[in-house]
Number of protein chains: 2
Amino acid sequence: MLTNRQLQILQVIVDDFVTSAQPVGSRQISKKDWITSSPATIRNEMADLEELGFIEKTHTSSGRVPSEKGYRFYVDHLLRPISMSTQEIGLFQSIFKNQIVEMEQVIRESANILSDLTSYTTILLGPNVSKHRVKRFQIVPLSEQTAVAIIVTDNGHVENRTITLPQGFFPSDIEKTVNILNERLVGISLLELQSRLELETFYVLRQHVNTADSFIQSLRNVATFQNEGKIYFGGKTNMLNQPEFHDLNKVRALMEMMEKESQVISLFHPEDTGIHIRIGSENNHLVMDDLSVITASYSIGNDQEGSIAIIGPKRMDYQRVVSLLDVMRSGLSSALSNKVNDGL
Amino acid sequence: MLTNRQLQILQVIVDDFVTSAQPVGSRQISKKDWITSSPATIRNEMADLEELGFIEKTHTSSGRVPSEKGYRFYVDHLLRPISMSTQEIGLFQSIFKNQIVEMEQVIRESANILSDLTSYTTILLGPNVSKHRVKRFQIVPLSEQTAVAIIVTDNGHVENRTITLPQGFFPSDIEKTVNILNERLVGISLLELQSRLELETFYVLRQHVNTADSFIQSLRNVATFQNEGKIYFGGKTNMLNQPEFHDLNKVRALMEMMEKESQVISLFHPEDTGIHIRIGSENNHLVMDDLSVITASYSIGNDQEGSIAIIGPKRMDYQRVVSLLDVMRSGLSSALSNKVNDGL
DNA sequence: ATTAGCACTCTTTGTTAATGAGTGCTAACA
DNA sequence: TGTTAGCACTCATTAACAAAGAGTGCTAAT
């Protein structure tokens with residue numbers, strides 16, 4: 001177990017390094033007025049902390065830098081949530097107050113505000129579409145051969161696909177199809193849509209509609225959705241201001257990573273419910289070895305979920321980000337839930 | 001007027017500098033086997049070319065680099081379109097052949113292929129929505145107070161907005177409204193929609209529908225569109241491989257620029273019809289001083305237009321890019337026009 | 001008109017030395 | 001026994017300097 005003094009020293013090392021990005025030495029630590037020991041004593045303690053793996057040297061005679069284990073210990077035991085300035089709280093409320101705007105707009109704004117406030121990069125995962133429920137089907141013919149199929153969900157999301165109509169498919173057939181689909185499928189979630197179609201609806205369709213068979217493949221396409229929510233970014237370029245990104249190769253690697261949807265999504269973990277911190281290599285991604293990700297989930301109504309992630313250097317201001325994220329998460333949840341409730 | 005030899009030398013300087021990114025010296029030029037003069041002669045010619053403003057030195061005793069005026073002369077007089085390898089042509093066809101995919105998919109693919117082939121950044125401006133014509137209106141109620149308004153256009157594009165319903169607005173009112181809208185507005189372009197609503201439709205609506213007034217503002221919102229097409233990027237990070245972007249500040253400036261929709265759009269010029277080249281400061285944008293933009297427009301059917309831009313360093317392979325862009329432009333035009341025709 | 005020759009300029013690279021921040025260890029101290 | 005002052009040592013950073021190399025402009029010869 002760490003002594004009280006060791007805890008203090010570790011805390012100073014992390015805090016100082018977070019703000020300065022420079023290795024911190026014994027003299028610097030002893031200058032803090034709540035630290036009473038002399039540099040020499042502190043050096044001894046630091047040697048111990050290093051042996052325990054909490055801090056590291058960048059070279060033989062340099063000051064110390066927190067190790068990954070050190071950060072982990074810090075966030076697990078030394079982190080005290082701080083309260084935000086009223087100015088910041090005001091900023092948040094300004095997004096949520098505005099009732100008129102669309103859900104998408106609120107999410108976009110949130111991402112931007114978070115990245116402005118932290119000067120890190122924000123990734124906001126929109127609510128997973130597959131939990132929305134079908135409110136209405138619609139097929140609008142464009143020509144003899146093509147039409148647009150539209151699904152409206154209970155919270156106002158609209159999905160649409162262009163489909164090909166089989167030859168000899170008449171307006172009356174379209175009408176019949178739409179009726180069947182609406183009768184059978186309204187109220188079920190997009191997630192179940194695919195299987196419901198296969199198991200039941202197609203069968204009915206074949207019975208009532210001419211040339212249904214060649215049409216069914218089109219409908220299959222309609223029912224295929226991305227199974228993750230839409231991705232919104234805020235402050236993509238903020239990271240370039242961080243000193244750890246003076247290295248062009250790192251910049252490139254990170255930028256390329258952010259372009260790839262699947263890799264971005266892999267930063268989120270569906271089992272994370274509250275606020276989670278992943279430090280450096282804990283992200284299991286080479287590019288992220290020098291970065292930390294803090295994720296939080298928000299919920300809309302009862303089950304629809306979205307996530308927020310803030311990506312910053314390992315040397316990131318964990319206290320501040322966690323606090324901000326907590327406010328944002330509850331703000332988003334209640335704002336968006338209200339929107340849904342208004343619509344019930 | 002430039003002598004034949006000066007033209008040759010200018011051409012070599014541009015061509016060599018484009019591939020090597022290094023200032024080119026007299027010795028290097030004289031080594032080309034179609035250049036017969038000695039380095040000394042070439043030095044004299046280069047002094048003249050410099051006096052005329054076509055080339056520059058990076059320092060007193062360095063080789064020469066094309067000036068902006070030099071590039072301009074090069075693209076205006078020295079550029080010969082080159083034919084593409086069959087391999088490349090095959091790549092293009094592979095996108096367009098696939099008939100099933102959606103228009104959006106084709107555009108996305110095109111942007112990626114172009115940036116892969118050039119290793120520059122591609123920006124593709126989708127067709128301007130405002131020229132689409134209304135095919136069908138639809139209003140789907142979500143609750144007592146909210147509904148989704150949907151506009152389907154003649155080529156399958158779907159626009160939707162969440163709207164608020166006035167109190168005491170019944171399903172029958174919705175039906176009436178939708179009927180009126182469809183009667184009056186089908187066939188007109190989204191561009192005209194706004195004015196048509198104001199001048200004529202709202203009047204009719206007030207006569208037939210209860211509490212239409214408070215509903216009209218919602219409809220106004222529905223009829224407001226972005227007046228430019230959607231933006232697609234390809235190879236956003238390619239630029240980081242260019243040696244001119246070893247400077248972090250330039251990287252940041254460019255990335256920030258690409259995040260701002262309005263600035264991206266300002267790279268395109270609506271009056272440009274064919275292929276246009278803008279070199280460095282010709283773009284009237286500080287960030288773009290070291291970059292060139294080549295734009296091309298493609299058309300869908302008769303009037304709907306979109307644009308392609310390729311952004312590269314001033315030292316970019318103009319010949320190759322122009323050729324590629326020309327193929328892509330006609331390929332896109334015919335592929336997308338076919339899609340529309342299939343739908344008529 | 002062309003070119004060989006040469007002095008000169010400027011960048012790039014490597015070497016060396018000085019500076020300074022910080023450590024680890026030893027011995028003195030409370 | 002825990003703390004601290006003192007000191008030798010390490011390593012990064014910076015500056016100054018020299019050598020090499022690429023390229024130019026000019027002059028004089030062809």
Side-chain angles (χ1 to χ4, degrees), chain A residues 1-10 12-17 19-67 70 243-244 246-247, chain B residues 1-10 12-17 19-67 70 243-244 246-247:
Chain A
M1 198 46 212
L2 295 185
T3 69
N4 220 3
R5 188 165 60 194
Q6 285 172 326
L7 290 178
Q8 272 194 316
I9 291 176
L10 180 54
V12 172
I13 292 178
V14 174
D15 285 340
D16 270 28
F17 184 65
T19 59
S20 73
Q22 297 298 325
V24 356
S26 53
R27 213 176 104 82
Q28 195 183 144
I29 297 177
S30 77
K31 282 227 196 80
K32 307 280 165 189
D33 48 5
W34 67 95
I35 297 272
T36 53
S37 321
S38 75
T41 312
I42 293 173
R43 278 202 290 281
N44 286 328
E45 298 285 26
M46 292 207 289
D48 290 349
L49 282 172
E50 183 170 6
E51 213 163 309
L52 292 167
F54 292 112
I55 55 180
E56 297 168 342
K57 286 189 275 200
T58 60
H59 62 267
T60 1
S61 72
S62 75
R64 302 306 211 289
V65 159
S67 68
E244 20 275 287
H246 282 1
D247 179 355
Chain B
M1 198 46 212
L2 295 185
T3 68
N4 221 2
R5 189 164 61 195
Q6 285 173 326
L7 290 179
Q8 271 193 318
I9 291 176
L10 180 55
V12 172
I13 291 177
V14 174
D15 286 340
D16 269 29
F17 184 64
T19 58
S20 72
Q22 297 298 325
V24 356
S26 53
R27 213 177 103 82
Q28 195 184 143
I29 298 177
S30 77
K31 281 227 196 80
K32 308 279 164 189
D33 47 7
W34 67 95
I35 299 270
T36 52
S37 321
S38 74
T41 313
I42 293 173
R43 278 202 290 282
N44 286 328
E45 298 284 26
M46 292 208 288
D48 290 347
L49 282 173
E50 182 170 9
E51 214 163 308
L52 292 168
F54 292 112
I55 54 180
E56 296 169 343
K57 285 188 278 202
T58 61
H59 62 267
T60 5
S61 72
S62 74
R64 300 310 209 291
V65 159
S67 68
E244 20 274 287
H246 282 1
D247 179 355

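Labels below follow one simple rule: chain letters A, B, ... track the order of the sequence lines, proteins then strands, and each chain is numbered from 1.
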How many whole angstroms separate atom CG of B:Leu49 from atom C1' of D:dT24? 15 Å
Output the rounded distance in Å from CD (B:Glu45) to P (D:dT24). 13 Å
Note: A:Glu56-A:Arg64 ion pair, threshold 4.0 Å (strictly below): no
Closest to the B:Arg64 side chain: D:dT24, C:dT9, D:dT3? D:dT24
Over all strands shown, is A:Thr41 touching base, sugar-phosphate only, or nothing at heavy-atom distances under 4.0 angstrom? base
Quick note, B:His59 side chain, CB onward, closest among C:dT3, C:dC10, D:dT4 is C:dC10
Rounded to whole Å, the CD1-P distance (A:Ile9 to C:dT23) equals 11 Å
Can a side chain N or O of A:Thr60 be found less than 4.0 Å away from OP1 or OP2 on D:dC11? yes
Under-4.0 Å side-chain N/O to phosphate OP1/OP2 contact, A:Arg27 with C:dG20: no
Would you say the side chain of B:Gln8 lies within less than 4.5 Å of the side chain of B:Trp34, judging by non-hydrogen atoms? yes
Proximal nucleotide (of C:dT23, D:dT4, C:dG24) relative to the A:Ser37 side chain: D:dT4
Once you round it to whole Å, what is the distance between P of D:dA22 and CD of B:Gln28? 12 Å
So, for A:Pro66 and A:Phe17, which heavy atoms are closest and what is the spacing to 0.1 Å? CD-CD2, 3.5 Å
Using whole Å, what does the distance between atom P of nucleotide D:dG25 and atom CD of B:Glu50 come to? 7 Å
Check the pair A:Leu2, A:Leu49 against side chain to side chain contact (heavy atoms under 4.5 Å, CB included), reporting the backbone distance first and the verdict last. CA-CA 9 Å; A:Leu2 295 185; A:Leu49 282 172; 4.2 Å; yes
Of the listed nucleotides D:dT10, C:dT3, C:dT23, the one nearest the side chain of A:Ser61: D:dT10
Over how many whole Å does the gap from A:Asn4 atom CG to D:dG2 atom P extend? 16 Å
Pick base, sugar-phosphate or nothing for A:Ser26, based on heavy-atom distances below 4.0 Å to the nucleic acid. sugar-phosphate
Mind listing the closest non-hydrogen atom pair of B:Thr58 and B:Val65 along with its distance? CG2-CG2, 4.0 Å
Tell whether A:Arg43 reaches the base of D:dG6 with its side chain through a donor-acceptor pair below 3.5 angstrom. yes
Whole-Å distance, A:Ile42 CD1 to D:dT3 P, equals 11 Å
Under 4.0 Å between a side-chain N or O of B:Lys57 and OP1 or OP2 of D:dG25? yes
How long is the line joining CG of B:Asn44 and P of C:dT3, in whole Å? 10 Å
